[in-house]
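Predicted model, so just to flag it, every value in this text is computed and none were measured.
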Amino acid sequence: MSDIDLALWRPRLEQAIGLHQSQHRRWQESQRILMGDWQSQYQALTDPDYTPVNYAKAYVSAVVASIYARNPEAFVDARHSRYLDFAHSMKVVLNYFKEELNLKDQVKRMITDALITGIGWMEVGYTATFGELALQPQDDTGLFQRLLKTTLKQPSEQGILNEYVKEVSPFATRLSPWNVYLAPGYHAVHEMPFLAVAEDLAPEDLQAHALYGRIFGNSAVRPSRRVAEPFAPVSTPGMMRGFGASGSNGKLTHMHRLWHIWDRREDQRFIWLDGSQDTAGPYPWNLSIEGFPQVSLIFNDLPETDRDAHSYPIGDLTFLMPQLKEINRLRTQMVRHRKRSGGTIVAQETAVTDEQAHRLQNSDDLTLVRIKGNPSTDLTNFVPAALSPDVYRVGERILADLDLVGQLGFLLPTISPGKERTATESNYRAQGAGTTRSEKVDVIESVMQHVFKRLAAVIWEYAPRSLIQEILGEDQRPPRKPGSGTR
């Protein structure tokens, strides 16, 4: 295990950050179209007629519901009759932690990440104590019981706010794509020499952490990450609105960023405090798993070219973006015409008083236009022509394109029955629905296999046997895998 050469790692990290930032515009656009404010957060002020059609939200909800409606059960099959007892006990333990770690909710969030950004992440590991990262196998039969009887600080008192990360326990947590940085120049994650995972902590949590506080607590570096700028809408105790500083002195909006670097070349990991020369480690990468502990979920892999490795895949919403933008414009045009279809009055400016104009403008389905000079008469009224039927036909065509690209009708055929005229056509549509769903389900199943394999590996290697006994509800130790010796 070699020492940490920051002069070598700084440009590597900067290149990874640059590659990551090149995706931000696409990710933000997909996020905004999902929220229904694609144009701008100030669109309502500049164009009050703007009316978004939130097809993206319906699509994301339909995909998540159709491919991950229920939490799958983990199965462990023995390839030899000698391993039957071992396989049974491992299956029970894995399904216990599946519920304990709330994997269903985390996987659903990971699917949403993959639909928006193109990639979702789940990290698997084991925590012996919060104050140490160099893991050692725990084979003490009484360790778990002693820890239960000992008065320990709660994780939140030690700077750990994730309720699914506990001491003497494995973990599997969803990582935000905004916090995982890929190595430039490589296409597939399993080929990359390193991964960088960013962790943001409030200053008080950094100080309270058993490991981070000991190593980085005395660092003079200021928090480098600004995550929000909340402003109190009313006066708060000790602070008048518009005067002075907030009571938290900015601690809630400024975070320390820690870089967790996983180095496959040296088979080690270390932690780097952003904006400083302070590091923790290196620590041995002694997890008995193949590859990174971070598992990626990708639905749309974009192959590499001779000029671009295409490390980051494409999200589903990116493919729908042209049609989503156009359908918003069409709906805005329809709403704008509806507001003007009741009739328009063109009046000479001096023909009506301000009070009369106000009353006319506040009446239903009526628009008043005041101009200077009218050669024909003081007041002229007319009703605009009907909106062209071509607008509605174009809208239907765009919805058909969305159904073709996004295949929402295939994912949920009951909400889009189609125009089948025969039983054969209906059967073909049902087969298409099954094919579309099964493709994404296959991807989910493959990812969950990797997650459960990593969980099984860290549980087998590091979990105390007394903890496994508690889960199995047995007085004796669970059956050992044949040929494993003392382990």
Next on the checklist: Using 30° and 60° as the class boundaries, would you call the ring planes of W27 and Y312 parallel, tilted or perpendicular?
Outcome noted: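 Taking Y312 first and then W27, their aromatic rings stand perpendicular (interplane angle over 60°).
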Checklist entry - Should the pair H20 and H24 be assigned to parallel (<30°), tilted (30 to 60°) or perpendicular (>60°) ring geometry? => result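 Ring orientation of H20 relative to H24: perpendicular.
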Is any side-chain heavy atom of [X] closer than 4.5 Å to a side-chain heavy atom of [Y]?
X: I4; Y: I261; result: no
X: V124; Y: F171; result: no
X: V93; Y: I468; result: yes
X: S176; Y: W121; result: no
X: S169; Y: F97; result: yes
X: K104; Y: Y68; result: yes
X: V63; Y: I67; result: yes
X: I444; Y: F299; result: yes

Between the side chain of [X] and the main-chain N/O of [Y], is any donor-acceptor distance below 3.5 Å?
X: S89; Y: F86; value: yes
X: D200; Y: M255; value: no
X: D278; Y: L273; value: no
X: S22; Y: L19; value: yes
X: N95; Y: K91; value: yes
X: S219; Y: F216; value: no
X: S446; Y: D442; value: no
X: S311; Y: P184; value: no
X: Q106; Y: A172; value: yes
X: R257; Y: E199; value: no

Next on the checklist: Between S30 and T318, is the side chain to side chain contact (heavy atoms under 4.5 Å, CB included) condition met? List the steps.
Outcome noted: CA-CA 6 Å; S30 297; T318 299; 3.7 Å; yes
Checklist entry - Run the side chain to side chain contact (heavy atoms under 4.5 Å, CB included) check on Q15 and R10 step by step: do they pass? => result CA-CA 9 Å; Q15 292 174 4; R10 187 180 302 277; over 6 Å; no
Next on the checklist: Here's a test for you: under ring-ring contact (aromatic ring centres under 6.0 Å, His included), which of Y181, F194, F270 qualifies with W259?
Outcome noted: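 Answer to the ring-ring contact (aromatic ring centres under 6.0 Å, His included) test with W259 among Y181, F194, F270: Y181.
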Item to check | Residue R109 excluded, over 12 heavy atoms near CZ under 6.0 Å | outcome: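 Counting other residues, nucleotides and ligands, CZ of R109 stays at 12 neighbours or fewer.
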Which value, rounded to the nearest 0.5 Å, describes the distance between [X] atom [atom1] and [Y] atom [atom2]?
X: H450; Y: M122; atom1: NE2; atom2: CE; result: 13.5 Å
X: I17; Y: D274; atom1: CD1; atom2: CG; result: 7.0 Å
X: D105; Y: N102; atom1: CG; atom2: CG; result: 4.5 Å
X: I119; Y: L182; atom1: CD1; atom2: CG; result: 5.5 Å
X: L103; Y: M110; atom1: CG; atom2: CE; result: 9.0 Å
X: Q294; Y: H260; atom1: CD; atom2: NE2; result: 10.0 Å

Item to check | Pair L317-V60, side chain to side chain contact (heavy atoms under 4.5 Å, CB included): steps then yes or no | outcome: CA-CA 9 Å; L317 296 186; V60 171; 4.3 Å; yes
Any idea which heavy atoms bring [X] and [Y] closest together, and the distance?
X: P313; Y: D301; answer: CB-CA, 4.5 Å
X: N54; Y: I33; answer: OD1-O, 3.8 Å
X: H310; Y: E304; answer: CD2-CA, 3.9 Å
X: L6; Y: Q277; answer: CD1-OE1, 3.2 Å
X: V189; Y: R264; answer: O-NH1, 4.3 Å
X: L467; Y: A463; answer: CD2-CB, 4.3 Å

Item to check | CA sep, side-chain torsions, deciding dist, call: H88, L84, side chain to side chain contact (heavy atoms under 4.5 Å, CB included) | outcome: CA-CA 6 Å; H88 171 72; L84 289 175; over 6 Å; no
Next on the checklist: side chain to side chain donor-acceptor pair (under 3.5 Å), that's the test. Do R26 and Q23 meet it? Break it down for me.
Outcome noted: CA-CA 6 Å; R26 174 166 54 85; Q23 314 299 315; 2.3 Å; yes
Checklist entry - Given the rule in the salt bridge (Lys or Arg N to Asp or Glu O under 4.0 Å) test, do E445 and K440 qualify, once you have shown the distances and angles that lead to the verdict? => result CA-CA 9 Å; E445 289 179 349; K440 292 186 181 295; over 6 Å; no
Checklist entry - For K108 and T112, what are the C-alpha separation, side-chain angles and deciding distance, and is it a side chain to side chain donor-acceptor pair (under 3.5 Å)? => result CA-CA 6 Å; K108 290 171 68 174; T112 303; over 6 Å; no
Checklist entry - Salt bridge between E326 and R329, side-chain N to carboxylate O under 4.0 Å? => result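 Salt bridge between E326 and R329, a charged N being under 4.0 Å from a carboxylate O: yes.
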Checklist entry - Would R454 and E123 pass as an ion pair if we require N to O under 4.0 Å? => result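 Result for this pair is no, no salt bridge flagged.
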